[in-house]
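One structure is given below, encoded as structure tokens.
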Amino acid sequence: GENVEQHPSTLSVQEGDSAVIKCTYSDSASNYFPWYKQELGKRPQLIIDIRSNVGEKKDQRIAVTLNKTAKHFSLHITETQPEDSAVYFCAASTGTASKLTFGTGTRLQVTL
Amino acid sequence: NAGVTQTPKFQVLKTGQSMTLQCAQDMNHEYMSWYRQDPGMGLRLIHYSVGAGITDQGEVPNGYNVSRSTTEDFPLRLLSAAPSQTSVYFCASSYSGETEAFFGQGTRLTVV
């Protein structure tokens, strides 16, 4: 089955700096790659996603890049703010079923 | 529009007891899933369904049963609770395998 590895497990940045979280996947059939943000005690919520026919997608301060050849994708957050502090999960899916495979998460802390 | 509703929010069980975690969605989504979340392990898929009457196993199905008699409901049954099932459980639904998964608020289960 699919295996998703996520790095780093923790990341601390100063407010205004950029943060990058990287994920690799194993199943070349995977074609949908969402990113979820989970605040403490809350449910995961989608922040951005990308499909295999696109190499990059941007939404304001958040961007995701995908390299299908290398089987890795990354989340980029620019101009970080304290409210960006949370746990971020990457995931991969083949799309044929609701079988999202998640990475183990990255705890991002934005310090003042 | 309630989205995905899970009950209960908290539950304490004794080893060997059984219980059902309820999940309901009002978005007419065909795809529904159950995940468990443990520290440092991300979200792991327990069971999933691509429509009423259709269910399949995920990554960690042992000790859990599901059924999908209606589009709206996808209950998760713990047959004989074990301490290893202490976790936070999330139900999710989506329109398809390549669209946003909406999560319920989670159920924190403790088995003593």
Side-chain angles (χ1 to χ4, degrees), chain A residues 1-10 21 23-27 29-54 57 59 62 64 66 73 86-107, chain B residues 2-7 9-10 21 23 25 27 29-52 54-61 66 68 71 74 87-108:
Chain A
E2 175 68 277
N3 181 49
V4 177
E5 294 190 356
Q6 182 172 349
H7 300 281
S9 57
T10 60
I21 302 170
C23 290
T24 60
Y25 62 98
S26 61
D27 189 347
S30 291
N31 56 5
Y32 176 62
F33 307 91
W35 286 87
Y36 287 82
K37 176 183 180 181
Q38 186 178 29
E39 297 176 350
L40 188 62
K42 301 289 182 64
R43 73 192 77 188
Q45 292 191 296
L46 181 77
I47 54 171
I48 196 167
D49 57 11
I50 192 167
R51 290 171 178 78
S52 59
N53 58 346
V54 177
K57 184 177 179 180
D59 183 3
I62 293 173
V64 58
L66 172 65
F73 56 114
V87 178
Y88 291 81
F89 292 98
C90 62
S93 168
T94 61
T96 56
S98 187
K99 287 186 66 175
L100 279 173
T101 300
F102 284 85
T104 50
T106 296
R107 183 174 299 279
Chain B
V4 180
T5 302
Q6 279 182 245
T7 56
K9 277 191 174 182
F10 302 95
L21 279 62
C23 176
Q25 53 91 10
M27 297 174 280
H29 286 166
E30 292 292 335
Y31 290 71
M32 297 188 74
S33 307
W34 277 101
Y35 295 87
R36 60 177 288 172
Q37 184 173 31
D38 302 292
M41 302 187 75
L43 292 135
R44 292 182 293 168
L45 182 65
I46 304 171
H47 286 284
Y48 67 100
S49 169
V50 299
I54 306 169
T55 63
D56 205 347
Q57 296 181 349
E59 181 185 356
V60 287
V66 293
R68 185 94 179 271
T71 298
F74 190 43
S87 187
V88 179
Y89 292 83
F90 285 100
C91 176
S93 76
S94 61
Y95 176 74
S96 77
E98 293 184 23
T99 57
E100 178 177 2
F102 293 86
F103 286 82
Q105 73 270 37
T107 297
R108 184 173 295 275

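Letters go in sequence order (proteins before strands), and every chain restarts at 1.
With a 4.5 Å cut-off on non-hydrogen atoms, A/Arg51 touches chain B through its side chain but not through its backbone. Interface residue B/Phe103: backbone and side-chain heavy atoms are both found under 4.5 Å from chain A. For A/Phe33, no part sits under 4.5 Å from any heavy atom of chain B, backbone or side chain. For B/Glu59, no part lies under 4.5 angstrom from a heavy atom of chain A. There is no contact between B/Val88 and chain A, counting heavy-atom distances below 4.5 Å.
For A/Leu100 against B/Tyr35, the heavy-atom pair with the smallest separation is CB-OH, 3.3 Å. Summarising the geometry of A/Thr94 relative to B/Glu98, their closest heavy-atom pair is O-OE2, 4.3 Å, with the distance given to 0.1 Å. Between B/Gly97 and A/Ser93 the shortest heavy-atom distance is O-OG, 3.3 Å.
Every residue two or more places apart in sequence or in another chain was checked for a side chain to side chain donor-acceptor pair (under 3.5 Å) with A/Ser52, and none qualifies. A/Phe89 pairs by the ring-ring contact (aromatic ring centres under 6.0 Å, His included) definition with nothing, not counting sequence neighbours. Applying the side chain to side chain donor-acceptor pair (under 3.5 Å) test to A/Thr104 and every residue at least two apart in sequence or in another chain returns nothing.
Residues of residues 40-49 of chain A having a heavy atom under 4.5 Å from any heavy atom of chain B, listed by number: A/Lys42, A/Arg43, A/Pro44, A/Leu46.
Atom OH in A/Tyr32 sits 6.0 Å away from atom OG1 in B/Thr99 (nearest 0.5 Å).
Other residues, nucleotides and ligands contribute more than 12 heavy atoms inside 6.0 Å of the CZ atom of B/Arg44.
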